[in-house]
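Labels below follow one simple rule: chain letters A, B, ... track the order of the sequence lines, proteins then strands, and each chain is numbered from 1.
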Amino acid sequence: MSQATEDTNPQRAKHDKLKELGVRPYAYRWDRTHSAAEVVEQFDALSEAKTEVSLSGRLMSRREHGKTQFGHLQDAGTRVQLYLRKDALGDEPFERLGLLDIGDIVGVRGEMFRTRTGEITVNVRELVLLAKSLRPLPEKFHGLKDVETRYRQRYLDLVVNEDSRKVFVARAKLTALVRRFLDGRGFIEVETPTLQPLYGGAAAEPFRTWYKVLEQEMYLRISDELYLKRLIVGGLDRVYELCKDFRNEGLDRTHSPEFTQVELYQAYADYTEMMALVEELFRFLAVELHGKPEITFQGRTVDLSKPWQRVRFTEALAERIEADPLELSDKMLLKVAARFNIKVEEGTSRVKLLDKLFEALVQDRLVEPSFVMDHPKITCPLAKEHRDDPRLVERFEPVVAGMEVGNAFSELNDPVEQRQRFADQLARHEEFATLDEDYIAALEHGMPPTGGLGLGVDRLVMLFTDTPAIRDVILFPQLRVHAAPSGEGEPIAG
RNA sequence: GCCCCGCUAGCUCAACUAGGCAGAGCACCGGAUUCUUAAUCCGUAGGUUGCAGGUUCAAUUCCUGCGCGGGGUACCA
């Protein structure tokens, strides 16, 4: 038996008492005329016309003054004061207010007025309990700070912490805006498999699962890239998908094993058009969300009205290490790392070495919105060779306020070269490399030149809501299961 | 995975430095109160100090292991 349903719990006792009195503690419906935000907004007209309004929400406070009580009703993040008079409600209903608890869901009817101190208030004529709360809410003044409880019981966080609520409302707006932006440019939204027989499109360890009927191992997608490009082959010239990808890797402030990405592919475009699209999308999002082409993230204000800085991977790195990184052997690269005090292990692959050096020596210094572009060819098997330099690929990563928010390229559409690049990757024994024959077959049917882009939606939300930890933009972040206290939460059948 | 830090009442926090009856505010419960708003006033109740073990006459405090969380680091096209 949980604590809340024990007989000694005072909220439970009130619940039982209400039932004895013939009051349903859980009502079936409530007709409301206004939201709390609407009565505040339309206050002048409503109070002047003495309109009876009907509201509903959670009771957040109650102050008794003998024959009068005050309280606050919270509805969708807006609080409205309630004024409850014995002579307006009637003796018996007024007495029953004592059976209410903070946290109860109630409906009220009454006229709007302003108290002496000027607060917008409902002069309540009728109050109906809609749902009884059996557990106390976190304290009203200090709120809920314990991060673990905030994640595990997000509903409490949402009730009590207005900032948290705002982040998730902004997240919903942001994804709607991304869709509006892409729909307006002729992209269509599609859905591709989450369970894949072969993973691909990124270098990451997948989650594995077993498909019983097909008797085969399946993988949760680490990316939807290879499916979306099959659609480009099929003549769906502009497609996007906004979905979760899963990577069986560590989690930190910017990584979640289950994260949301929007990937899009545009036929007949190359990566320069993807850069323009990113610039426009960020400007659009900032203006729609903040009213100006600007974001402030962790104290840094970023101007999105200008074109982004172009930072060429090898050139920028060459400048810092005073040598062409592509001409250096793995051994030499290790020496360079040592020279700059960058920790790398002896057996680190060339791809990782280059990435490490770049991150430590260049990326950490990027403040302005930037496109890190034209990476060494070995870093990416799916990007097309650079038109001016066969050692490079046409790829870029948008970096804003020092945070990597995506990945894009001119898509490799030569099936012969694609097969070779996959094979090279396997030959280098890169972890989690795969060779997708079906995908190559699709390319063999001919894929138009295509620009592709993936953006981390969680990271966009972080940037646009100035939230430094990815957990705080995910409603239910993954956490370890708590050891169940005795008698609670054990499986009924194992 | 490794390193560091945290875990005390429903919530927010003390007490730990140097071992000596586990405390406060809010919430809850009883009472007073007809414009209050962190309402106020009076009174009561609330604890396996994350879990298990050890040292000690005595452990919230010291030690060991474990659990969960946070930060860092590693991994992460």
Side-chain angles (χ1 to χ4, degrees), chain A residues 3-4 8-14 60-72 79 81-88 94 98 101-103 113-119 121 123 133-153 156 160 200-205 222-223 225 247-257 259 313 343-345 348-349 351-352 354-356 358-359 372 375-383 393 395-397 404 406-409 421 425 430-433 454 468-469 471 477 479-486:
Chain A
Q3 177 198 340
T8 53
N9 173 312
Q11 291 175 257
R12 169 62 192 269
K14 291 181 210 170
M60 297 304 285
S61 64
R62 196 160 68 88
R63 300 178 289 281
E64 293 182 78
H65 295 271
K67 296 183 179 107
T68 304
Q69 296 190 17
F70 287 89
H72 276 103
R79 286 190 186 195
Q81 184 167 251
L82 306 178
Y83 180 50
L84 302 140
R85 289 178 68 101
K86 191 171 190 177
D87 52 14
F94 189 82
D101 283 292
I102 288 166
F113 78 110
R114 253 185 224 277
T115 59
R116 251 187 234 157
T117 51
E119 182 163 352
T121 303
N123 187 1
S133 158
L134 298 184
R135 290 178 188 253
L137 276 180
E139 193 234 358
K140 61 183 173 184
F141 186 61
H142 295 94
L144 178 64
K145 291 186 178 170
D146 183 82
V147 287
E148 190 173 351
T149 308
R150 287 186 47 232
Y151 298 149
R152 289 192 195 276
Q153 293 178 270
L156 291 178
V160 167
E205 178 167 2
I222 57 172
S223 161
E225 167 151 1
R247 297 185 183 174
N248 207 341
E249 285 160 357
L251 59 171
D252 59 34
R253 311 196 84 193
T254 54
H255 293 85
S256 166
F259 68 103
F313 189 101
K343 273 192 299 178
V344 274
E345 284 169 41
T348 306
S349 73
V351 176
K352 276 183 198 163
L354 289 168
D355 218 54
K356 272 259 171 289
F358 184 85
E359 211 171 283
V372 171
H375 299 62
K377 199 179 208 170
I378 53 166
T379 62
C380 183
L382 297 163
V393 284
R395 173 185 173 204
F396 73 88
E397 293 174 297
E404 229 177 88
N407 191 20
F409 11 98
R421 292 259 214 110
Q425 209 184 7
E430 279 182 27
E431 245 188 328
F432 310 115
R471 284 187 193 87
L479 296 174
R480 260 180 233 272
V481 174
H482 251 317
S486 62

At less than 4.0 Å, is any side-chain N or O atom of A:R471 found next to OP1 or OP2 of B:G70? Yes or no. yes

Could you tell me how far apart A:K145 (NZ) and B:C13 (C1') are, to the nearest whole angstrom? 9 Å

Compare the minimum distances between each of B:U12, B:U33, B:G69 and the side chain of A:H65, then state the nucleotide with the smallest one. B:U33

So which nucleotide from B:C35, B:G71, B:C75 ends up closest to the side chain of A:F70? B:C35

Enumerate all atom pairs, one protein N or O and one N or O from nucleotides 41-49 of chain B, separated by less than 3.5 Å.
none

If you find the nucleotide of RNA chain B closest to A:H375 and the one closest to A:P138, which residue's nucleotide is nearer the 5' end? A:P138

Of B:G69, B:C11, B:U36, the nucleotide closest to the side chain of A:L144 is B:C11

Measure the distance from NZ on A:K343 to C1' on B:U73 and round it to the nearest whole Å. 6 Å

5'-most contact on RNA chain B (nearest-nucleotide basis), A:E249 vs A:F113, goes to A:F113

Minimum heavy-atom separation for A:G250 to A:H255, with atom names? O-CB, 3.9 Å

For B:C28 and A:K14 - does any side-chain N or O of the residue sit under 4.0 Å from the phosphate oxygens OP1/OP2? no

For the side chain of A:D146, counting heavy atoms from C-beta on, which of B:U12, B:C35, B:U36 is nearest? B:U12

Any heavy-atom pair between the side chains of A:E430 and A:S349 that's under 4.5 Å? no

Rounded to whole Å, the CZ-C1' distance (A:R152 to B:C68) equals 6 Å

State which of B:G69, B:U34, B:C75 makes the closest approach to the side chain of A:D252. B:C75

Assign A:G201 to base, sugar-phosphate, or nothing according to its heavy-atom contacts below 4.0 angstrom with the strands shown. base

With a 4.5 Å limit on heavy-atom distance, are the side chains of A:T254 and A:E404 in contact? no

Side chain of A:V147 - closest among B:G70, B:G25, B:A27: B:G70

Indicate, with a heavy-atom threshold strictly under 4.0 Å, whether A:Y151 touches base, sugar-phosphate, or nothing. sugar-phosphate

Report yes if at least one side-chain N or O of A:R253 is closer than 4.0 Å to OP1 or OP2 of B:G71; otherwise report no. yes

From C-beta outward on A:P10, which listed nucleotide comes closest to its side chain: B:C68, B:C29, B:U12? B:C29

Can you confirm whether A:R471 sits close enough to A:R150 that some side-chain heavy atom of one is under 4.5 Å from a side-chain heavy atom of the other? no

With distance as the sole criterion, do the side chain of A:Q69 and the base of B:U36 form a donor-acceptor contact below 3.5 Å? no

Watson-Crick or G-U wobble mate for B:A14, both contacts under 3.5 Å: none

Nearest-nucleotide pick for A:Y83, side chain only, options being B:C35, B:C75, B:G69: B:C35

Once you round it to whole Å, what is the distance between P of B:U36 and CD of A:Q81? 10 Å

Report the base-pairing partner of B:G53 (Watson-Crick or G-U wobble, both distances below 3.5 angstrom), or none. B:C63

For A:R480 and B:G67, is the shortest distance between a side-chain N/O and OP1 or OP2 below 4.0 Å? no

Which nucleotide, B:G70, B:C11, B:U34, lies nearest any side-chain atom of A:L479? B:G70

Would you please name every residue forming a side-chain hydrogen bond (donor to acceptor under 3.5 Å, both in side chains) with A:Q153, sequence neighbours left out? A:Y155

Sort out the partner of B:C2 for me: Watson-Crick or G-U wobble, both distances under 3.5 Å, none otherwise. B:G72

Between A:V147 and A:Y151, is there a side-chain heavy-atom distance shorter than 4.5 Å? yes

Can you tell me the distance, in whole Å, between the CZ atom of A:R135 and the P atom of B:A27? 21 Å

Distance below 4.0 Å between A:K67 side-chain N/O and B:A32 OP1 or OP2: no

